[in-house]
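Report on the structure given below.
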Amino acid sequence: MKKLRKAVFPVAGFGTRFLPATKAIPKEMLTVVDRPVIQYVVDEALKAGIEHLIFVTGRNKGVIEDYFDIQYELYTTLETRGKAEALDQLKAMQPAPGTTSFTRQQEPLGLGHAVWCARDLVGNEPFALLLPDMILQAQTNCMSEMASLYEKTGGNVISLQECKPEDAYKYGIVGRGKDVHNGYELTEMVEKPAPGTAPSNLFINGRYILQPEIFDILETQERGAGNEIQLTDAMLKLKDLQAFYGYTFTGRTFDCGNPEGFIEANLAMAHARADMKDHVEAVARAITG
């Protein structure tokens with residue numbers, strides 16, 4: 001079993017649900033409270049022991065690369081003005097030299113294609129895949145728990161959440177097998193099952209640990225729903241060759257790819273901070289009457 005060292009972040013999407021804001025600003029750089037969405041997702045990966053961050057980008061996404069670089073003028077200005085706290089915070093968030101890589105998707109052909117574009121940077125290693133739209137909030141770090149399960153089982157690991165059974169037809173749903181460590185075996189995966197036919201109410205929520213054999217499948221993967229190369233289709237093929245395991249995430253997931261989820265994330269993350277909680281509650285009461 002190879003160590004989990006690398007994480008892939010597919011950040012090439014246009015962010016059409018956030019136009020006109022995303023006409024000039026990548027959706028991943030929209031701020032939740034005081035930091036961009038992508039920072040929350042990267043923090044989750046780093047806390048899980050990830051050593052190398054791989055971003056699959058597109059045109060007009062250069063600001064993401066700049067964000068994870070050192071800004072000498074800013075650092076010098078903060079130091080000169082005695083803004084030690086702000087400077088220390090920025091330095092603490094700064095990835096170490098040589099631990100970030102960027103490659104371009106070039107064509108909007110879906111999540112599966114974006115993952116395939118990272119093949120040479122990942123190499124013959126397992127990798128974490130974190131969808132940058134999804135911010136997770138919980139007492140325990142989701143990717144850390146998934147990594148713990150991977151260390152016990154090997155194979156592939158998917159993060160899952162419970163939904164209302166009547167809503168299962170909206171999601172990618174899995175079948176649950178016997179318990180293993182802090183997770184369980186997966187017996188099947190179904191993309192948007194017909195109402196009443198879902199094997200469970202556990203849906204995929206945007207966190208994966210995958211083996212590199214997925215790249216060979218994606219290499220020749222035919223286009224699926226939306227005329228795009230779908231990652232789920234490739235995982236279904238990989239499941240015939242390798243074991244898949246699930247971890248149930250019990251916190252809150254915010255889909256920051258749409259305005260409603262983005263607003264929820266801002267409120268929840270601000271309310272979770274001791275320095276903002278009272279203000280958020282006061283504003284909420286004033287608005288709702």
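These numbers come from the heavy atoms of this one structure, side chains and all, not from hydrogens, waters or symmetry mates.
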Under 3.5 Å side-chain donor-acceptor pair for Thr248 and Tyr184 | yes
Decide whether Glu281 and His271 meet the rule of one side-chain donor and one side-chain acceptor closer than 3.5 Å.
-> yes
Atom pair CZ (Arg59) and CZ (Phe14), whose distance is rounded to the nearest 0.5 Å = 8.5 Å
Phe215 vs Val115, side chain to side chain contact (heavy atoms under 4.5 Å, CB included): CA-CA, chis, key distance, verdict = CA-CA 8 Å; Phe215 295 124; Val115 172; 3.9 Å; yes
Check the hydrophobic clustering (I, L, V, M, F, W, Y; side-chain heavy atoms under 4.5 Å; chains of links allowed) and say if Ile135 and Val8 are grouped together.
-> no
Is the count of non-hydrogen atoms from other residues, nucleotides or ligands lying under 6.0 Å from His181 atom NE2 greater than 12?
-> yes
What do you reckon, are the aromatic ring centroids of Phe55 and Phe68 less than 6.0 Å apart?
-> yes
Kindly indicate, with the supporting measurements, whether the criterion side chain to side chain contact (heavy atoms under 4.5 Å, CB included) is fulfilled by Trp116 and Glu219.
-> CA-CA 7 Å; Trp116 178 76; Glu219 180 83 35; 2.9 Å; yes
Gap between atom OG of Ser200 and atom CD of Glu188 - 0.5 Å precision | 8.0 Å
Taking the side chain from Thr22 and the backbone from Gly15, do they hold a donor-acceptor pair closer than 3.5 Å?
-> yes
Leu136/Asn205 under side chain to side chain contact (heavy atoms under 4.5 Å, CB included): CA gap, chis, key distance, verdict | CA-CA 9 Å; Leu136 308 187; Asn205 75 337; 4.1 Å; yes
Student check: side-chain heavy atoms of Val190 and Pro199 closer than 4.5 Å = yes
Interatomic spacing from OG1 in Thr99 to CZ in Arg5 - rounded to 0.5 Å | 11.5 Å
How many angstroms lie between CG in Leu87 and CG in Leu74, if you round to the nearest 0.5 Å?
-> 8.0 Å
Separation between SG of Cys256 and CD of Glu28, rounded to the nearest 0.5 Å | 10.5 Å
Please answer whether the main-chain N or O of Gly13 pairs with a side-chain N or O of Lys61 as donor and acceptor at a distance below 3.5 Å.
-> yes
Linked, directly or transitively: Val42 and Leu129 (ILVMFWY side chains, under 4.5 Å) | no
Determine whether Ile229 and Ile214 fall in the same hydrophobic cluster, where Ile, Leu, Val, Met, Phe, Trp and Tyr are linked whenever their side-chain heavy atoms lie under 4.5 Å apart.
-> yes
Would you name the heavy atoms of Arg104 and Cys117 that are closest together and state the gap between them?
-> O-SG, 4.2 Å
Side chain proximity check, Arg35 to Asp43, heavy atoms < 4.5 angstrom | yes
Considering all heavy atoms, the nearest Asn258-Arg17 contact | CB-NH1, 3.8 Å
Please report the closest heavy-atom contact between Gly251 and Ala138, naming both atoms and the distance.
-> CA-CB, 3.8 Å
Is it true that a side-chain atom of Glu125 and a backbone atom of Lys2 form a donor plus acceptor pair closer than 3.5 Å?
-> no
Could you note down all residue pairs passing side-chain hydrogen bond (donor to acceptor under 3.5 Å, both in side chains) where residues 68-85 supplies at least one of them, sequence neighbours left out?
-> Tyr75-Gln94
Donor-acceptor pairs under 3.5 angstrom involving side-chain atoms of residues 233-244: please list them, not counting sequence neighbours.
{"from": "Lys239", "atom 1": "NZ", "to": "Leu186", "atom 2": "O", "distance (Å)": "3.4"}
{"from": "Lys239", "atom 1": "NZ", "to": "Thr187", "atom 2": "O", "distance (Å)": "3.1"}
{"from": "Gln242", "atom 1": "OE1", "to": "Asn156", "atom 2": "ND2", "distance (Å)": "3.0"}
{"from": "Gln242", "atom 1": "NE2", "to": "Glu213", "atom 2": "OE1", "distance (Å)": "3.0"}

To the nearest 0.5 Å, what is the distance between CE (Met29) and OG1 (Thr31)?
-> 9.0 Å
Minimal non-hydrogen separation, Met276 against Ala270, with atom names = CB-O, 3.4 Å
With the threshold set at 4.0 Å, does a side-chain nitrogen-carboxylate oxygen contact exist between Lys91 and Asp88?
-> no
Under the 4.5 Å side-chain heavy-atom rule for ILVMFWY, direct or indirect, which residues accompany Phe203?
-> Tyr171, Ile173
Strictly by modelled atom types, are Gln105 and Thr57 linked by a side-chain donor-acceptor pair under 3.5 Å?
-> no
Decide ring pair (Phe, Tyr, Trp, His ring centres under 6.0 Å) for Tyr150 and Tyr247; before the verdict, give the C-alpha distance in whole Å, the side-chain angles of both, and the deciding distance to 0.1 Å.
-> CA-CA 10 Å; Tyr150 168 74; Tyr247 164 74; over 10 Å; no
Indicate if Val37 and Met134 have the same hydrophobic cluster label, given that clusters are the connected sets of ILVMFWY residues with side-chain heavy-atom separations under 4.5 angstrom.
-> no
Check whether Ile64 and Ile50 end up in the same hydrophobic cluster, where Ile, Leu, Val, Met, Phe, Trp and Tyr are linked by side-chain heavy atoms less than 4.5 Å apart.
-> yes
Phe262 and Phe18 aromatic centres sub-6.0 Å = yes
Exercise: identify the closest heavy-atom pair between Lys47 and Ser144 = O-OG, 3.4 Å
Any side-chain heavy atom of Ile38 within less than 4.5 Å of one from Val11?
-> yes
Report the C-alpha distance between Met1 and Thr153 in whole Å, list the side-chain angles of each, state the deciding distance to 0.1 Å, and finish with yes or no for side chain to side chain contact (heavy atoms under 4.5 Å, CB included).
-> CA-CA 9 Å; Met1 186 190 304; Thr153 62; over 6 Å; no
Are Glu51 and Lys3 ion-paired here, with the side-chain N under 4.0 Å from a carboxylate O?
-> yes
Minimum heavy-atom distance Ala114-Pro10, with the two atoms named | CB-CB, 4.0 Å
Could you go through the side chain to side chain donor-acceptor pair (under 3.5 Å) check for Tyr67 and Gln39 one step at a time?
-> CA-CA 10 Å; Tyr67 174 77; Gln39 183 67 60; 2.6 Å; yes
Using modelled atom types only, decide if a donor and an acceptor are shared between the side chain of Lys6 and the backbone of Val122 within a distance under 3.5 Å.
-> yes
Would you say the side chains of Glu145 and Asn182 form a donor-acceptor pair under 3.5 Å?
-> yes
Main-chain N/O of Cys163 paired to Asn201 side chain as donor or acceptor, under 3.5 Å = yes
